[in-house]
Amino acid sequence: MARYNARESERKWQDAWNARNAFAAHNDSQKPKAYVLEMFPYPSGRIHMGHVRNYTMGDVIARFRRAQGFNVLHPMGWDAFGLPAENAARDKGVNPRDWTYDNIAAMRGELKMLGLAIDWSREFATCDVEYYARQQKLFTEFYKAGLVYRSEADVNWDPVDMTVLANEQVIDGRGWRSGAAVERRKLSQWFFKITAYSDDLLNALDKLERWPEKVRLMQRNWIGRSEGLRFSFDLSNGEKLDVFTTRPDTLFGASFAAISPDHPLTQELAQRDAKLAAFVAECRRVGTSEAAIETAEKMGYDTGLTAAHPFDANWRLPVMVANFVLMGYGTGAIFGCPAHDQRDLEFANKYKLPVLPVVIPEGEDPKAFHVGKEAYTGPGRLANSRFLDGLDVASAKKDVAKRLEAEGKGTPTVNYRLRDWLASRQRAWGCPIPMVHCAKCGIVPVPQSDLPVKLPDDLDFSVRGNPLDAHPTFKHAKCPSCGGAATRDTDTLDTFVDSSWYFARFCDTKAAAPVNPDAANYWLPVDQYIGGIEHAILHLLYARFFTRGLHKLGYTKVDEPFAGLFTQGMVTHETYQSHNGGDWITPDEIEKRDGKAFLKGTNTQVEIGAIEKMSKSKKNVVAPQRIIDAYGADAVRWFMLSDTPPERDIEWTEAGAEGCWRFVQRIWRLVDEAKDLPPPGTPPEGASDLRRATHKAIAAVTDDLENLRFNRAVAQIYALANAMGMGEKDGAARREALEAMVRMIGPMMPHLAESAWAALGHTTMLVETPWPKADAALTQDNIVTYAVQVNGKLRATRDFAKGTDKATVEADALKLDAVVRALEGKAPKRVIVVPDRIVNIVA
RNA sequence: GCCCGAGUGGUGGAACUGGUAGACGCACUGGACUCAAAAUCCAGCGCCCGCAAGGGCAUGUCGGUUCGAUUCCGACCUCGGGCACCA
């Protein structure tokens, strides 16, 4: 027989599915719906193995659900705005739009070769005018709904490139491109009011049961809710100073008050105090990088002001400016209790401030308890604290809060570390912010009738700064309100905005409105979302926020965009290096002999390095295209699903790929050998081993796919193939086994499965064939093998009819040779029989 | 520093709610077929002792609970991830 020709078969079936429009999703179906979505790709130019893994997993779910009778939405689009297009424009002189759409065309072609069951009629790119026009509409609506506002913000400013840099673009305090020392600048920027939903975004995490616990935890920490008390100090200059604390119980251990260098009071004082101004400048000079923060010394400056202790006006605390107090959290001011806060302790030790323990661990003597280099943050009883003495921490907190609240000095407050989302970017290849700045009317949103604000096609990327800002006409606009000359906002939106609602647009990509509520309410939430863990926080949090915004605006009734989330692992590969840690060498350039790696066709040995994520810098990238050409899409898909659990990193190996290819051929042989089977539809009878293996496999694979355990599903299918090697070679049971196998590999290796289905004599297509059902009578054995243990050690096994009574099992087990030998004549003290499982004899 | 997660053969990994540890794949070894190779098929494959029958030891380490622990509890070690002066 001919070997299976993957190339020919894959092309043929892709055309056939296409001709039948087999994967169209229907917005008016009576079937239950299933929305399966993988995080859409950035059109960098080529697909990589990570894409292959991601889209294969999604495709398996989509095809599985379709076979189970669901109306499936499985779309594809492009996250198409972003910096690489601008870099290409500057470096190569191309138009970013052309560059992007060319990349999309190339990647679409590569993705289609994988045979994905996608409704391509819904494809769009976020840089399509049709998409970003609607995003602009949403932005103005969010603005009117109070979910967007403008405010001053500190940004990383590159003085050479004259542009704002993202934190990731600042390396050791310098711009990644220019190398210039980055400055902190205050700019007026647009923000999304994500903090309006802090509590809701946090609480709703509990209901996202089909999200990984890890991701929920990361989001919880990111939102960072903490309960505490906000109260005010009376200052010696007559003003009040608001502080936030989670430890009001330690108030009698206070030895100073501290304010941020960015606090308004600091600014005010610095105007009359040159030394303070210098101190503030010094604080700002110290970078915001992790390393800088970790090693930064605590620094303080005594303002000369004092603050009255809230419970004793005669007790004066010095007011210090301290570099470790952040303006962005709480009120930007604290009270310092050195004995019970590590930072305060370091600060106090440096500036010789008192350290008075007020929470004493159980069993310690309050008079003897001393805090040295480590602050005590554990539980205990209050001491040295007047009316609080003897209380536990929780009661003391409540008591302080109650008293200060009664005096009108304090309020119980919840703080979050979550900040509002700064969405302005000084970039040209993005969604223009549809706002106009008028000297007379202030900020005016561009009215619906004037949308979209289109990106000009003639941007000059050789200029410094934002090409959109430098464009000769773009920024000149008429004020929509008064008609006078005004300035258009030349910033664009963070590309995370683009990906915050694309899943809602997929529900109806033809709708005039940004989101069609009927379609969105039918399809949303996404039933299964799949993507990388790197989006655990930002993208997923922004999308959750945006969906709440869409709800508020009436576009949908759901709040949570993704009911099920799965985060898949990366694709890794061995690295190769010439000797002595020299140049990296690509996998294509080496060959392996006896576990050693050599330069192809030579005896020059190369070092095999660590297994790492595929990356250009380590040159350990394997292009999907080459692999598809060599083994076909099905073998590659099979590899991606085999062996490694989907959430873990998978190592790509040539040997593994060859193994997958061999399995493709093995299935094809099994089908070919089955020429003389009874015709399709012949019912099998009886209960042979093969039939039992078939139905057990169906039950197991179904369960595994339901739970995204692809590696186990693959193992079950191998086991069934092995069972076929031993079972009946002909007859209806053989056909049943083969057909079950073909139907089960359908979602995983769809082209091979279609070919096999046709070869088995079917005239219908496998994509239109329902998922097989397991016969419960055949998934259960009527003979069970008991393990027989003596003192917990396995000594024998013994078959019994299922449900045999305990007494019989016990009596027979005790007669076994191995048991008699192990007992050495001793009488059993106790015999434990676990029905249909195990016997343990205790001697 | 704080918070998570994971440690099982040469290797990727299985093991349902505590019940025969190592399914299935890869690699490897031996054999069959072949002039030969590829492909395919058959067999073997945790470690130690033993000709064998059989026995002992094994799921990072040490302890605990239990008739029985990869699974539950405690301590420790190693690796990976997240956050990072958040008051």
Side-chain angles (χ1 to χ4, degrees), chain A residues 3 212-222 224-226 228-229 243-247 250 258 260 290 292-294 296 298 322-326 328-337 340-344 346-347 374 377 415-419 533-534 536-537 592 594-595 638-639 642-645 647-651 653-660 662-663 665-666 669 700 703 709 711-722 725 785-798 818 821-822 828-843:
Chain A
R3 301 188 90 199
E213 184 51 40
K214 183 185 181 173
V215 174
R216 293 196 280 170
L217 187 69
M218 282 163 72
Q219 293 217 347
R220 246 177 236 127
N221 291 340
W222 189 262
R225 181 182 199 273
S226 59
L229 179 74
V243 300
F244 173 74
T245 179
T246 56
R247 294 297 303 273
T250 63
S260 166
E290 286 179 25
I293 288 168
E294 202 164 345
K298 300 280 177 288
N323 64 336
F324 65 92
V325 181
L326 306 174
Y329 186 79
T331 62
I334 61 161
F335 83 86
C337 176
H340 304 292
D341 182 288
Q342 190 59 34
R343 292 155 302 176
D344 296 348
E346 287 168 27
F347 190 78
E374 297 233 338
T377 55
N415 254 319
Y416 300 88
R417 64 208 303 173
L418 180 69
R419 309 290 157 74
I533 187 75
E534 67 273 19
I537 298 174
K592 288 215 174 163
D594 295 332
W638 189 248
F639 183 102
S642 304
D643 294 347
T644 304
E647 68 277 11
R648 289 197 212 167
D649 290 353
I650 191 171
E651 187 195 354
T653 64
E654 198 73 22
E658 277 166 19
C660 293
R662 281 201 297 273
F663 186 63
Q665 296 298 347
R666 185 175 165 199
R669 267 197 312 281
D703 187 50
R709 293 185 297 235
N711 57 318
R712 296 212 317 194
V714 164
Q716 297 292 350
I717 286 170
Y718 274 113
L720 179 57
N722 291 344
T785 304
Y786 274 72
V788 181
Q789 298 179 337
V790 176
N791 291 330
K793 278 185 188 164
L794 182 72
R795 294 297 169 180
T797 58
R798 169 82 152 83
R821 215 181 312 124
K829 284 184 200 148
R830 191 177 160 194
V831 178
I832 292 133
V833 179
V834 181
D836 296 336
R837 274 187 194 277
I838 203 164
V839 181
N840 191 14
I841 298 155
V842 187

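So you know, we letter chains A, B, ... as the sequences are listed, proteins then strands, and number each from 1.
Residues satisfying the side chain to side chain contact (heavy atoms under 4.5 Å, CB included) test with Ala787(A), not counting sequence neighbours, are Leu794(A), Ile838(A). Shown here are the side-chain hydrogen bond (donor to acceptor under 3.5 Å, both in side chains) partners of Arg225(A), two or more places apart in sequence or in another chain: Asp199(A), Glu227(A). For Ala796(A), the side chain to side chain contact (heavy atoms under 4.5 Å, CB included) partners are Val788(A), Leu816(A), Ala818(A), not counting sequence neighbours. Considering only residues two or more places apart in sequence or on other chains, Arg795(A) meets the side-chain hydrogen bond (donor to acceptor under 3.5 Å, both in side chains) condition with none of them. Residues passing the side-chain hydrogen bond (donor to acceptor under 3.5 Å, both in side chains) test with Ser226(A), sequence neighbours excluded: Tyr329(A). For Glu213(A), the side-chain hydrogen bond (donor to acceptor under 3.5 Å, both in side chains) criterion is met by Arg216(A), Arg220(A), not counting sequence neighbours. Arg343(A) is linked by a salt bridge (charged side-chain N to carboxylate O under 4.0 Å, His left out) to Asp341(A), counting only residues two or more places apart in sequence or in another chain. With sequence neighbours left out, the ring pair (Phe, Tyr, Trp, His ring centres under 6.0 Å) criterion links Phe347(A) to Phe256(A), Phe324(A), Tyr351(A).
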Going 5' to 3' through nucleotides 42-51 of chain B, assign each nucleotide B (protein heavy atom under 4.0 Å from a base atom), S (under 4.0 Å only from sugar-phosphate atoms) or - (no protein heavy atom that close). ----------
For each nucleotide in nucleotides 55-62 of chain B, reading 5' to 3', give B when a protein heavy atom comes within less than 4.0 Å of its base, S when such contact involves only the sugar-phosphate, and - otherwise. SSS-----
Would you give a per-nucleotide map of nucleotides 66-72 of chain B, 5' to 3', where B means the base has a protein non-hydrogen atom under 4.0 Å away, S means only the sugar-phosphate does, and - means neither? -BS----
Please list, pair by pair, any protein nitrogen or oxygen found under 3.5 Å from a nitrogen or oxygen in nucleotides 26-34 of chain B.
from    : atom 1 : to        : atom 2 : distance (Å)
rA27(B) : OP2    : Arg662(A) : NH2    : 3.3

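Between Asp649(A) atom CG and rU11(B) atom P there is a gap of 18 Å when expressed in whole angstrom units. One atom, CZ of Arg837(A), and another, P of rU17(B), lie 11 Å apart when rounded to the nearest Å.
For the P atoms, the distance linking rA36(B) with rA23(B) amounts to 34 Å, nearest Å.
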